[in-house]
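Heads up: the structure comes next, in structure tokens.
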Amino acid sequence: MLRALSTLGARPLGRPPAQFLLLARGRKTRHDPPAKSKIGRVATPPAVDPAELFVLTERYRQYRQTVRALRKEFVTEVRRKVHEARAGVLAERKALQDAAEHRELMAWNKAENQRLHELRMARLRQEAREQERRQAEEAAREAGEAEAWAQLKKREVLQLQEDAKDFITRENLEARVEEALDSPKSYNWRRDRHTRGHSGLCLWASQIASSFLYVGTFVHLRYIPPGPQTQGRGHFQQ
Amino acid sequence: MVQLTIVLYKAYHQFSHLTIRLALGGCTKWPFYHIVASLNKCPKDGHFMEQLGSYHPVSNSYGKKLIALNLDQIWHCTGCGAHLSKPVEKFLGLSGYFPQHLTVVTNAERFSKTDTEATETRELTSVNIAVGIRLKSS
């Protein structure tokens with residue numbers, strides 16, 4: 001231990017040595033001189049009775065022999081207990097019980113895992129079936145929607161075809177224009193504080209109602225298509 | 001705080017041993033001792049491994065000084081290599097499980113040389129120690 005701790009006293013060069021002793025008041029160190037009152041003092045050991053010393057020596061020998069024997073007994077007792085705890089009958093029984101308990105626990109764990117696995121598989125199968133059903137429903141819905149869309153477009157196409165029969169073409173342009181001009185329907189419209197820019201038909205009622213506030217001029221314009229007299233330009237005329 | 005490395009720790013504790021001794025407690029004018037098993041390097045009233053008994057040096061109302069000893073654990077600690085201090089050896093000698101300590105016998109004999117027989121009996125019985133022993137029931 002001293003060799004191991006001797007490195008603690010090693011200090012670099014130039015530094016004062018480490019202080020291991022602390023000076024306490026009233027205590028003399030080995031370097032202090034003795035007091036004047038102790039000059040003629042001669043240290044004498046206490047007187048020893050040789051008979052008592054002999055008796056005591058023998059008694060101490062017997063005492064220590066007894067105590068040593070007792071200590072040996074205690075040591076053997078401790079070692080026996082340690083050996084029994086490690087490799088005794090009780091320890092073996094306990095080890096067997098522990099092993100049996102461990103086997104039981106492992107078997108129970110295995111059974112639990114199997115049960116949970118089966119539950120999990122059933123749940124997964126159920127979820128897969130649900131997923132398939134949802135997908136089938138989704139596909140059917142999408143198919144229905146596509147069919148409806150197709151039908152709508154078909155109807156629109158047919159409607160357009162029907163409407164196309166009534167379109168204005170170059171052949172019937174003149175006739176349609178004359179027909180529009182001769183019809184009583186007015187396409188003029190106006191906006192004021194009481195209206196919202198409705199078309200001519202809706203405006204009749206509001207026009208009558210607001211005639212008391214505002215008197216406007218209602219102009220029927222006549223459309224002149226382009227022709228040789230109009231110099232190739234169409235225009236409106238009152 | 002300094003913590004020793006493993007090497008220094010082992011080097012330091014290689015030469016320390018378990019000791020069963022008295023640890024002082026209580027207050028002024030009322031001492032009280034615990035009989036403890038601790039390493040000899042530890043402070044005598046400080047950290048200990050195990051308490052093995054107690055000793056009241058002050059007489060109680062019946063004039064007795066009580067000593068308690070956990071003999072099973074004392075034997076176990078001694079079997080593990082614990083040393084015993086002189087007061088603990090004296091207590092064990094008084095309890096009867098150890099031989100009587102020689103200082104007790106020697107002091108008694110010395111007193112008997114100077115004083116009369118009455119003084120000797122008074123010295124041996126003046127202690128008035130009541131020893132409580134705890135043994136495992138097995």
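Per chain, numbering begins at 1; letters A, B, ... match sequence-line order.
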Return a table of donor-acceptor pairs under 3.5 angstrom between the side chains of residues 99-106 of chain B and protein atoms on other chains or two or more places apart.
unit_1, atom_1, unit_2, atom_2, d
His101(B), ND1, Thr103(B), N, 3.4
His101(B), ND1, Thr103(B), OG1, 2.8
His101(B), NE2, Glu89(B), OE1, 3.2
Thr106(B), OG1, Leu102(B), O, 2.5

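What you find for Lys65(B) and Val58(B) is that their closest heavy atoms are CG-C, 4.3 Å. Pro33(A) and Lys28(A) make their closest contact through O-NZ, 3.4 Å (heavy atoms, listed as atom of the first residue, atom of the second, distance).
Applying the salt bridge (Lys or Arg N to Asp or Glu O under 4.0 Å) test to Glu92(A) and every residue at least two apart in sequence or in another chain returns nothing.
Among residues 116-141 of chain A, no residue has any heavy atom closer than 4.5 Å to a heavy atom of chain B.
If you tally non-hydrogen atom pairs under 4.5 Å between each of Leu56(A), Thr66(A), Thr76(A) and chain B, the highest count goes to Leu56(A).
Inter-residue side-chain proximity for Glu52(A) and Val48(A) is flagged as unmet; no heavy-atom pair is nearer than 4.5 Å.
For the salt bridge (Lys or Arg N to Asp or Glu O under 4.0 Å) condition, the pairs that include at least one residue of residues 96-105 of chain A, sequence neighbours left out, are Lys94(A)-Asp98(A).
Between Arg115(A) and Glu112(A) there is a salt bridge, with a side-chain nitrogen of the basic residue lying less than 4.0 Å from a carboxylate oxygen of the acidic one.
Looking at Glu73(A), neither its backbone nor its side chain comes within 4.5 Å of chain B, counting heavy atoms on both sides. For a residue to count as touching a neighbouring chain, one of its non-hydrogen atoms must lie under 4.5 Å from one of that chain's; by this rule Val75(A) touches chain B with backbone and side chain alike.
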